[in-house]
Amino acid sequence: MNSCARNFQSFLSPDHLVSHLLSPPPTLKKLQQIQAQILTNPRLQSNPNLLSHFISHFIQTYNLSNSSLLLRHLPKPHHQPSIWNHLLRSSAESSPPPGFLSVYRAMLQENISPDRATFTTLLRHFSALPNPSDAVATLHCQIIKLGHASDRFLLTGLLNLYSKVGCLNAAEQLFVEMPERDVIANNAMIAALSSHGRIIDARRLFESMPEKSSASWNSMITCYCKQNDVRAAREIFDRNPIKDVVSWNAMIDGYCKMGQLEMAWELFDRMGLAKNSVTWNTVISACLHHREFAMALSMFQVMQVENVRPTEVTMVSLLSACAHLGALSMGRWLHAYIRNHRLKIDVVLGNALIDMYFKCGSVEAALQVFHGMSMKNVFCWNSVIAGLGMNGYGEQAIEIFLEMDRRGGFKPDGVTFVGLLSGCSHSGLVSEGKKYFSRMLGVYGIQPEIEHYGCMVDLLGRAGYVEEALNLIETMPIQPNSVVWGSLLRACRIHKDAKLSERVTQRLLELDPDDGANYVFLSNVYASSKRWDDVERCRQIMIERGVQKVPGCSSIEVNNMIHEFVVGDASHPQFEQINTFLVEIERELRKLGYSPSTDSVLHDIEDEEKENAVMYHSEKIAIAFGLMSTRGKEPIRVVKNLRVCSDCHEATKFIAKLFQREIIVRDRNRFHHFRDGTCSCKDYW
DNA sequence: TTAGGGTTAG
């Protein structure tokens, strides 16, 4: 026994080794030790569970695409198709797309003849391959060649796959040539036609079917819903004599997607059958799409009262609601639930966790989830890059981007660069931002879109290169939108370029006359040069056009309850105590050297009469409430719908020092982590 | 076979 193997003597059982291969992902050294163990122990070689886990990590670690290399380094499993099928399935599920092909090639090289189970696995995963349509045609030939030409199950699978990879013609031909077309094959063809928009043909096939299963009916409901024709869907639904839970769910989802929520709720209340998890997932996800995040979470409570088990899909939606609300403790609770109930953290659920933690300002937890995932996709990388950026870790965002690039296998896309460039912008990394912007097209072949130009204008303008930003806007090949002009305007304000401000604002008001924020911007420009008449004129225009300014609103989670504070709203039951406490805080802050900056009061056209308005900005109220209702060292976390004003920013730095508490504020665009008198944004925001 | 899920510039 060599020394590597000896280190692992205490872990000789296959289960122990498997647990070593699970989380966290094994280091190269550990993988080699386990490999040595397996190679010297025949008992381990016959354990399919261990081998499949080992092989999937092996493929990932060595980035294998070539089966001879795989075979040279691996123990020979028994020559049973079942073990190979196991390996194939686990590698398809745990490593990025082309990976499982190495196992398949190795299997063929070993003269193991693929069987029905092998093809079932391949059919399930071939759509994820690069150039899937060619790959599917090859697979089709192999299935025929190996004598499965009359296997209805495999042929229907092929039909679905052809449709999924965009080859509807091949799917139709296969359907016509099928020796016998049962209900399942007919249903598959309806789904294929429907997903390619061939509704009339789908309907014709449906009506011609001698025997219809409930899925036939349901396929037609889904088909019309996908076309946004809920009336036709409802007709089928009403005609359907064998309505099952799927019929109701499909119909409810159709109404939700069309925004006809009353109809959806009516069916939801009326459905006599037991609601299943999909029913709940459908309505929870509808809440999300209508930005009713708190409602999504309360639907979950009802779901639990009704004893319906949440699934991975439920968790993804709920985590997304937490991300929007900044509800960290609920998010943590969900994460614990996922662990305790052993829900499978796949790329989607993992990504939802990463996103939730970042959007709740919990950078370490987000990174921990990311590094613990055995399979990642471009969404996960993008979430990490954007998440680091919005939390002020621009350098780390670049590092992760470079790591993604080095590893290969994950091609950065447009979203990657939005995250990367905005991260550079938040951290003031001008030359890096310029570098990656130019590499987008030059190196990665990604055409910059309006969002990328937006990031660059923000990056340049905020750093003081206002002329260069303007020049970029004037020369960019896409029509600049209000966001782009808005970034420039903000830059003008920071760098006190009143003349350009006015010009930009006029442009902005033409583009987006209904956005109250633009008028506030303009008014701020005037106020900063003390042009009170113009400020007044601006207010008049707003009144005439009926434009409203969005009120500032901050929320904070205390004891699993979300408390919302809207500026000027005194309805919170503890409003009086909070006020008294705020006055006390201010007194203490002044002793530390803080003096309120009334800049933003002058700029606030609605509240300018109130001298003490800054003291009542919603984030200060939320922070005060957080301080009086919690003990200990846990950071105070506040989510604000607008950007933090400069006075609140200054005051919060002092508050963090005074109370020795970390205060994390998520504003409209980014995070501020206040610690001991400083902010992570380095006052650059 | 049919229903439900994730990242994106100010």
Electrostatic pair A:K435-A:E432, nearest N-O below 4.0 angstrom: no

Please say which of A:S219, A:S213, A:S214 ends up in a side chain to side chain donor-acceptor pair (under 3.5 Å) with A:N187. A:S213

Heavy atoms under 4.0 Å, any strand shown: does [X] hit a base, just sugar-phosphate, or nothing?
X: A:N377; value: base
X: A:I284; value: nothing
X: A:D346; value: base
X: A:V418; value: sugar-phosphate
X: A:T416; value: nothing
X: A:G454; value: base
X: A:N481; value: base
X: A:V457; value: nothing
X: A:D244; value: nothing
X: A:K212; value: nothing
X: A:K257; value: sugar-phosphate
X: A:S425; value: nothing
X: A:I450; value: base

Salt bridge (Lys or Arg N to Asp or Glu O under 4.0 Å) partners of A:E211, counting only residues at least two apart: none

Just to verify, what does A:E399 make a salt bridge (Lys or Arg N to Asp or Glu O under 4.0 Å) with, not counting sequence neighbours? none

Using 30° and 60° as the class boundaries, would you call the ring planes of A:Y337 and A:H341 parallel, tilted or perpendicular? parallel

Flag for A:D253-A:T282: side-chain donor and acceptor within less than 3.5 Å: no

Looking at A:Y465, I want to see if its OH is surrounded by more than 12 non-hydrogen atoms of other residues, nucleotides or ligands under 6.0 Å. no

Span of DNA chain B in contact with chain A (heavy atoms, under 4.0 Å): B:dT1 to B:dG10

